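Take a look at the structure set out below.
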Amino acid sequence: QVQLVESGGGLVQAGGSLRLSCAASGRTLSGYSLGWFRQAPGKEREFVAAIRWSGGNLYYVDSMKGRFTIFRDVAKNTVYLQMDSLKPEDTAVYYCAASDRVYYTSTYYYADNYDYWGQGTQVTVSS
């Protein structure tokens with residue numbers, strides 16, 4: 001079992017920045033990948049970014065590459081999502097997720113491939 005707790009969401013003006021944190025506990029993360037997804041009202045949950053815990057391989061949605069950066073602190077068992085140049089359309093609940101079942105690039109993008117989820121943190125970007 002992996003427990004995930006997100007923090008760092010809030011209200012920010014367009015063009016601003018936020019850093020989300022996801023603290024993992026419960027077991028060693030070796031062999032796991034951690035990802036960020038988001039879900040806006042009335043929309044499906046969508047992939048944002050992921051990082052392979054061992055090795056640090058990074059995966060991004062092309063539309064967010066350059067504005068969002070995922071990174072990890074191994075000592076703190078925490079993964080972060082740095083979000084810059086935020087837009088109102090980035091408004092959503094952001095979820096952290098973990099999986100030991102993703103390996104090929106295409107598998108990272110699907111929420112069904114992740115077994116553990118945090119409770120989510122709200123990000124609201126005002127125009």
Side-chain angles (χ1 to χ4, degrees):
Q1 287 278 352
V2 178
Q3 290 80 45
L4 304 170
V5 179
E6 302 103 331
S7 60
L11 174 64
V12 63
Q13 287 189 330
S17 298
L18 279 176
R19 178 177 292 182
L20 306 183
S21 301
C22 173
S25 62
R27 60 169 299 156
T28 178
L29 294 177
S30 175
Y32 278 79
S33 294
L34 272 70
W36 287 98
F37 287 75
R38 70 183 187 184
Q39 189 165 19
K43 294 189 176 182
E44 292 188 357
R45 193 167 296 191
E46 65 172 341
F47 174 79
V48 175
I51 184 167
R52 192 162 182 82
W53 195 258
S54 300
N57 303 65
L58 306 177
Y59 306 86
Y60 290 98
V61 170
D62 285 345
S63 60
M64 301 176 205
K65 198 180 298 184
R67 294 195 302 124
F68 291 6
T69 304
I70 187 171
F71 60 99
R72 74 198 190 298
D73 185 327
V74 174
K76 295 182 178 180
N77 251 26
T78 298
V79 64
Y80 302 91
L81 184 69
Q82 176 68 39
M83 305 186 293
D84 299 316
S85 302
L86 284 163
K87 305 174 183 179
E89 51 264 43
D90 294 318
T91 295
V93 178
Y94 284 71
Y95 296 91
C96 178
S99 174
D100 64 352
R101 297 189 292 118
V102 292
Y103 186 78
Y104 299 106
T105 301
S106 61
T107 61
Y108 282 85
Y109 295 83
Y110 297 97
D112 287 348
N113 290 335
Y114 293 77
D115 298 307
Y116 304 102
W117 292 84
Q119 80 287 355
T121 185
Q122 176 71 47
V123 171
T124 303
V125 184
S126 63
S127 56

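On a predicted model such as this, the values are computed, not experimentally measured, just so you know.
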Between C22 and the options W36, Y95, Y80, the side-chain contact (heavy atoms from CB on, under 4.5 Å) test singles out W36
How far apart are the C-alpha atoms of F47 and Y59, what are their side-chain angles, what is the distance that settles it, and do they pass the ring pair (Phe, Tyr, Trp, His ring centres under 6.0 Å) test? CA-CA 10 Å; F47 174 79; Y59 306 86; 7.8 Å; no
What closest approach, in Å, do [X] and [Y] show between heavy atoms, and which atom pair accounts for it?
X: A111; Y: W117; value: O-CZ2, 3.5 Å
X: T78; Y: S21; value: CG2-CB, 4.3 Å
X: A50; Y: Y108; value: CB-CD2, 3.6 Å
X: W53; Y: V74; value: CZ2-CA, 3.7 Å
X: Q1; Y: Q3; value: CB-NE2, 3.5 Å
X: A92; Y: A40; value: CB-N, 3.8 Å

Would a 4.5 Å heavy-atom cut-off, applied to side chains only, mark T91 and Q122 as touching? yes
Within the 4.5 Å heavy-atom criterion, are F68 and L86 side-chain neighbours or not? yes
Hey, any chance [X] and [Y] share a hydrophobic cluster, counting ILVMFWY side chains that come within less than 4.5 Å of each other, even indirectly?
X: V5; Y: L34; result: no
X: Y103; Y: Y32; result: no
X: L11; Y: Y94; result: no
X: F71; Y: M83; result: no

For V61 and E46: C-alpha separation, side-chain torsions, deciding distance, then whether side chain to side chain contact (heavy atoms under 4.5 Å, CB included) applies. CA-CA 9 Å; V61 170; E46 65 172 341; 5.9 Å; no
Verdict with supporting geometry, R45 and Y114, side chain to side chain contact (heavy atoms under 4.5 Å, CB included): CA-CA 12 Å; R45 193 167 296 191; Y114 293 77; over 6 Å; no
Is it the case that over 12 heavy atoms from other parts of the model lie below 6.0 angstrom from the NZ atom of K76? no
Rounded to the nearest 0.5 Å, what's the gap from [atom1] on [X] to [atom2] on [Y]? Could you check?
X: L81; Y: L18; atom1: CG; atom2: CG; value: 9.5 Å
X: I70; Y: L58; atom1: CD1; atom2: CG; value: 7.0 Å
X: R19; Y: D84; atom1: CZ; atom2: CG; value: 9.0 Å

Using atom types as modelled and distance alone, determine if a side-chain donor or acceptor of [X] lies under 3.5 Å from a backbone N or O of [Y].
X: R52; Y: N57; value: no
X: S33; Y: S99; value: no
X: Y116; Y: C96; value: no
X: R101; Y: D112; value: yes
X: T69; Y: Q82; value: no

Salt bridge (charged side-chain N to carboxylate O under 4.0 Å, His left out) between K87 and D90, worked out: CA-CA 5 Å; K87 305 174 183 179; D90 294 318; over 6 Å; no
Side chain to side chain contact (heavy atoms under 4.5 Å, CB included) for E6 and Q119? Distances and angles first, verdict last. CA-CA 7 Å; E6 302 103 331; Q119 80 287 355; 2.8 Å; yes
